[in-house]
Amino acid sequence: IGFIIHLFPPIPRPINSPWSCFYPLHYVPSQTGKHNYPHGFLRSWAYKSRPCVSQAHPGLRLRKSGIMFEPCVGNAKNMENTTCNMPGLGEKAPEFEAETTQGHIRFPQDFKGKWIILFSHPGDFTPVCTSEFMLFGKMQEEFDALGCQLLGLSVGALTSHIAWLRSIREKIEYKGMKDIKVEFPIIDDVSMKVANLYGMIQPGESQTAAVRAVFFVDPKGVLRAMIYYPLALGRNFDEIKRVLVGLQAIDAFGVAMPADWRPGDEVIVPMKGEDMNDQPEGVKCYDWFFCVKPLAKDKVEEALDKKRK
């Protein structure tokens, strides 16, 4: 059947297809894992330059030895065949094991019960990344106080990471920051395994360096938010902290946050009943779909502090 399919030109993707793309038979390298093929396999092909991804089973791809699938694995020598999915919000964060500047880790199991910010940077001994790591190091106590573990990554080796961190502490003084000691782990990802697992390699930016990705993982190991920055633009650290506090407050109070929310600002709540003028005390409705109420900053801080304890 496969040879017959190979003879036909590409066809448009049906609306009800469980897969995201089509192509005549094209195999990609296989390294680990086996999965039974999902229903609709024979209708599921893609062009060589476009990864074929199962909507029902994200991260699965065609295996060279037959009708089998596996999680995508990066291949630095042949990036056109690297067909990796970005992880999905609200789903379990992809698990991995890795060596870091602070020893071997199992992610996210080793950080159970904590929030985690997993972030990637393009390379050691580069100026934008150096400025970012100085800020991460300076703000580490603030993230610790929020019950959050920082975890860095680049497509680089441990020896390079360690030498770079030593250089930052001993030589760099920038915007009043000096003698910055980075005490959170940095992953050795020379193989690009983790970078590809999390979609950190964006070929439009670079085929060999990770972009500036930030992933927020909650204490249950669920991916709650992610932000991607290009290589040339340093991250906004106020926004990273704001997102973390906002997610924690959403969980604590069961509310939603309006644009540019900061602790102490009003939060969004659903309207109760049909009359927007007859709402609980403190609730203000601009229309039936847009109601807010005050949420004091000290109340947010108290709730988050109690939740961490």
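- The two atoms that bring Met134 and Ile180 nearest to each other are O-CG2, 3.8 Å, heavy atoms only.
- Across Arg235 and Val214, no two heavy atoms sit closer than the pair CD-CG2, 3.5 Å.
- Taking a cutoff of 4.0 Å between a charged side-chain nitrogen and a carboxylate oxygen, Asp251 and Arg224 qualify as a salt bridge.
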With side chain to side chain donor-acceptor pair (under 3.5 Å) as the criterion, how do Trp164 and Thr130 come out once you've worked through the C-alpha distance, each side chain's angles and the decisive distance to 0.1 Å?
CA-CA 9 Å; Trp164 178 45; Thr130 297; 3.0 Å; yes
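- Although no hydrogens or angles enter the test, the distance criterion places a donor-acceptor pair under 3.5 Å between the side chain of Asn196 and the main chain of Met192.
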Apply ring pair (Phe, Tyr, Trp, His ring centres under 6.0 Å) to Phe143 and Phe237, showing your working.
CA-CA 11 Å; Phe143 288 108; Phe237 283 70; 7.7 Å; no
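- The two residues Ile116 and Cys148 come nearest to each other via the heavy atoms C-SG, 4.2 Å.
- Of the candidates Tyr228, Phe133, Phe216, Phe133 is the only one forming a ring pair (Phe, Tyr, Trp, His ring centres under 6.0 Å) with Phe119.
- Of the possible donor and acceptor atoms, one in the side chain of Asp110 sits under 3.5 Å from a partner among the backbone N and O of Arg106.
- Salt bridge status for Glu142 with Lys241: present, with a side-chain N to carboxylate O gap under 4.0 Å.
- Counting all heavy atoms, side chain and backbone alike, Pro263 lies closest to Val245 at CG-CG1, 3.8 Å.
- Comment: Glu239 engages Arg242 in a salt bridge, judged by a side-chain N to carboxylate O separation of less than 4.0 angstrom.
- Side-chain N or O atoms of Lys92 include one that pairs as donor or acceptor with a backbone N or O of Lys220 at under 3.5 Å.
- Proximity of a side-chain donor or acceptor of Glu141 to a complementary backbone N or O of Lys138 within less than 3.5 Å is not detected.
- The shortest heavy-atom contact between Pro108 and Gly221 is CG-CA, 4.3 Å.
- Proximity of a side-chain donor or acceptor of Thr101 to a complementary backbone N or O of Ile186 within less than 3.5 Å is detected.
- For the atom pair Phe215 CZ and Leu151 CG, the distance stands at 11.5 Å (nearest 0.5 Å).
- Taking the six-membered ring where tryptophan is involved, the planes of Tyr198 and Phe96 are perpendicular, since the angle between them exceeds 60° and thus also 30°.
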Would you please test Arg262 and Asp260 for salt bridge (Lys or Arg N to Asp or Glu O under 4.0 Å) and show each step?
CA-CA 7 Å; Arg262 297 286 191 283; Asp260 204 30; 2.9 Å; yes
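- The environment of CD in Gln109 is crowded: more than 12 heavy-atom neighbours from other residues, nucleotides or ligands sit within 6.0 Å.
- Relative ring orientation between Phe290 and Tyr286 is described as tilted, the plane-to-plane angle lying within the 30° to 60° band.
- Remark: the backbone N or O of Ile227 is not paired with any side-chain donor or acceptor of Arg212 at under 3.5 angstrom.
- Contact record, His161 with Gly156: NE2-O, 3.5 Å, taken as the closest heavy-atom pair.
- Under the 3.5 Å distance criterion, the side-chain polar atoms of Ser154 are left unmatched by any main-chain donor or acceptor of His121.
- In this structure, Asp189 contributes its side chain and Leu153 its backbone to no donor-acceptor pair below 3.5 Å.
- Between the OG1 atom in Thr100 and the CD1 atom in Ile105 there is a gap of 5.5 Å [rounded to 0.5 Å].
- Judged purely by distance below 3.5 Å, without hydrogens or angles, the side chains of Glu97 and His104 pair a donor atom with an acceptor atom.
- The distance from the CE atom of Met257 to the CG atom of Leu247 is 8.5 Å, given to the nearest 0.5 Å.
- Linking Ile, Leu, Val, Met, Phe, Trp and Tyr whenever their side-chain heavy atoms come within less than 4.5 Å leaves Val128 and Leu231 in two separate clusters.
- In this structure, Val222 is not a member of the same hydrophobic cluster as Met226, with clusters built from ILVMFWY side-chain heavy atoms closer than 4.5 Å.
- Judged by distance alone, with hydrogens and angles left aside, the side-chain atoms of Asp265 form no donor-acceptor pair with the main-chain N or O of Val267 at under 3.5 Å.
- Separating the CG atom in Leu118 from the CD atom in Gln149 is a distance of 10.5 Å, to the nearest 0.5 Å.
- Checking side-chain atoms of Ser160 against main-chain N and O of Ala157 turns up no donor-acceptor pair under 3.5 Å.
- Here CG of Asp124 is found 7.5 Å from CG of Leu165. Values are rounded to the nearest 0.5 Å.
- The line from CG of Asp305 to CG of Asp298 is 12.5 Å long, rounded to the nearest 0.5 Å.
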